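Following: one structure in structure tokens, then a few remarks.
Given the structure is predicted, the values throughout are model-derived calculations rather than measurements. Protein chains get the first letters and strands the later ones, always in sequence-line order, with residue 1 at the start of each. Side-chain atoms are counted along with the backbone in the values below, which use heavy atoms only and exclude waters and symmetry mates.
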Number of protein chains: 2
Amino acid sequence: MEFPGYRPLYRQVYDIMVEKVAKGVWRAGESLPSEQALARELGVSQGTMRKVLDAMTAENLLERHQGKGTFVASNTQERSLFRFFRMVTPDGERVTPARGVETVVVRAARTIEQKRLDLPKKQRVIEITRTRLLEGRPAILETIILSASLFQGIETRRPLPNTLYSLYQTDFGINIISTEEQLRPDIANKDDQKMLGAPLGAPIQCIDRIAKTLQDRKVEWRLSRIYAPNLAYAVTLS
Amino acid sequence: MEFPGYRPLYRQVYDIMVEKVAKGVWRAGESLPSEQALARELGVSQGTMRKVLDAMTAENLLERHQGKGTFVASNTQERSLFRFFRMVTPDGERVTPARGVETVVVRAARTIEQKRLDLPKKQRVIEITRTRLLEGRPAILETIILSASLFQGIETRRPLPNTLYSLYQTDFGINIISTEEQLRPDIANKDDQKMLGAPLGAPIQCIDRIAKTLQDRKVEWRLSRIYAPNLAYAVTLS
DNA sequence: GAGTGGTCTAGACCACGCA
DNA sequence: GCGTGGTCTAGACCACTCT
């Protein structure tokens, strides 16, 4: 690993600004000072400041609106769904899930969970198991693992909202900005039959997702089993 | 639909440059004139030209290298695979497919094909059916539909390369820059059993892909059936 | 009209690749 | 040492929003 002997100014400013946003110097949805003010504050030109703010906007970290100002991006419910929930009808229209039943337990972390979430040893985790409805029918069986120390008290919030990521942000200061997903096909087992009404042996889409914060910290591991014969998982690669 | 009464200069320059790249004014892999030269040629400042070139770089249309120049992005085989082929091992390591058997036919387009590829009526299509190997085993069964007029003569090129997108680019001047995919789980049928050695009823990942050019023209429709028990389809959302 | 982000320019200097 | 892209600045003007 070569350490860069040269660090552009805008890179340094970028790191400072990301740090500030991550630390919550400004709340989600709140407006930042103007370009001018920030540039003065950090002792750089307005052009350099702009480069930084534009970069952060491109990464969905900030939102800028001409005439209004620069705002910390907020995972509103719709936006959060729109970004990370990818199921569509054959026509390409997005569907949105509704809440089903849920159970929450706090327990010791298993080895695999420690590994997937980079948890320290002896860490406790929160396990959320829930179903979600698509088109009025139970269609998704989800197991969600969270670090108990990061999400202290989430087990007492019942019922949980449908879009957990906005809850993470508003109540725990944790802003999910990217996810890594792996998809595998599977066939319905007895659990799927019981919870989703899927015939044994029916095709199931399994999604294994790790959700990460700004600083690339892995904070949620989610396993979803989806039985939705008429829907597909849509993604655009470019 | 409001028509924008105001068109920034860099937008106009962007459109001109994209048009030039699309028309093949410079070949894939070739270098463009320098920022300075292009700016002079189009009568804008170097800063504006830079903004355009940077935007095109961000869209994988150009590549820029300090000290060397600006180049038309080329879908080299590895790059093309890296971008659009998403299968990974449980550890997250990418696997690359190898060529299997293939058949090519030219025939009249079906209604569904006309619709998916926005083809004019009476258009003929080329249908490529092939298998691809993963880890030495037949694992992917693919049906590829192309407009016969765009890819005239491709049916005589046997064997076809593993990475079709570089062939489209080098021999037909068609540069795939984005794809829209829909994933659905399915269970193995007799074809899958025969061609891939999948047990009847085994889980199969189906991918329905439309590939698009720079101008958002839909040029390829590809249906893949994947039987790969130890692999997953990986994607990062951000 | 005041304040914000958005565009555009001109010019200086830096880092990199290559001959 | 030259030419390339990469960084940084200072300043002008434009478009949008709100009051």
Within this structure, what is the [atom1]-to-[atom2] distance between [X] and [N], rounded to whole angstrom?
{"X": "Arg7(A)", "N": "dC14(C)", "atom1": "CZ", "atom2": "C1'", "result": "17 Å"}
{"X": "Gln36(A)", "N": "dA12(D)", "atom1": "CD", "atom2": "P", "result": "12 Å"}
{"X": "Met56(B)", "N": "dG5(D)", "atom1": "CE", "atom2": "P", "result": "14 Å"}
{"X": "Phe71(B)", "N": "dG17(C)", "atom1": "CZ", "atom2": "C1'", "result": "10 Å"}
{"X": "Glu63(B)", "N": "dT4(D)", "atom1": "CD", "atom2": "C1'", "result": "16 Å"}
{"X": "Glu35(A)", "N": "dG11(D)", "atom1": "CD", "atom2": "C1'", "result": "14 Å"}
{"X": "Gln46(B)", "N": "dT7(D)", "atom1": "CD", "atom2": "C1'", "result": "12 Å"}
{"X": "Lys51(B)", "N": "dG5(C)", "atom1": "NZ", "atom2": "C1'", "result": "11 Å"}

Got a donor-acceptor contact below 3.5 angstrom from the [X] side chain to the [Y] backbone?
{"X": "Arg209(B)", "Y": "Glu181(B)", "value": "no"}
{"X": "Arg94(A)", "Y": "Phe85(A)", "value": "yes"}
{"X": "Asn60(B)", "Y": "Ser238(A)", "value": "yes"}

Think [X] has a side-chain N or O under 4.0 angstrom from the OP1 or OP2 of [N]?
{"X": "Arg64(A)", "N": "dT4(C)", "value": "no"}
{"X": "Lys68(A)", "N": "dG5(C)", "value": "no"}
{"X": "Arg50(B)", "N": "dG5(D)", "value": "no"}
{"X": "Tyr10(B)", "N": "dT7(C)", "value": "yes"}
{"X": "Thr48(A)", "N": "dT7(D)", "value": "no"}

Mind running side-chain contact (heavy atoms from CB on, under 4.5 Å) on Trp221(A) and Ile112(A) for me, showing each step along the way? CA-CA 11 Å; Trp221(A) 179 25; Ile112(A) 180 71; 3.8 Å; yes

Intermediate values then yes/no, side-chain hydrogen bond (donor to acceptor under 3.5 Å, both in side chains), Glu19(A) and Gln215(A): CA-CA 9 Å; Glu19(A) 175 83 10; Gln215(A) 299 92 345; 5.8 Å; no

The side chain of Tyr6(B) lies closest to which of these nucleotides: dC14(D), dA10(D), dT7(D)?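 The answer is dC14(D), which lies nearest to the side chain.
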
If you check the Ser45(A) side chain, which of dT9(D), dT4(C), dT7(C) turns out closest? dT9(D)

Assuming nearest nucleotide by heavy-atom distance, tell me which of Thr70(B) and Leu9(A) is located more 5' along DNA chain D.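 Residue closer to the 5' terminus by nearest nucleotide: Thr70(B).
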
Could you say whether Gln66(A) or Gly69(B) is positioned toward the 5' end of DNA chain D, judged by the nucleotide with the nearest heavy atom to each? Gly69(B)

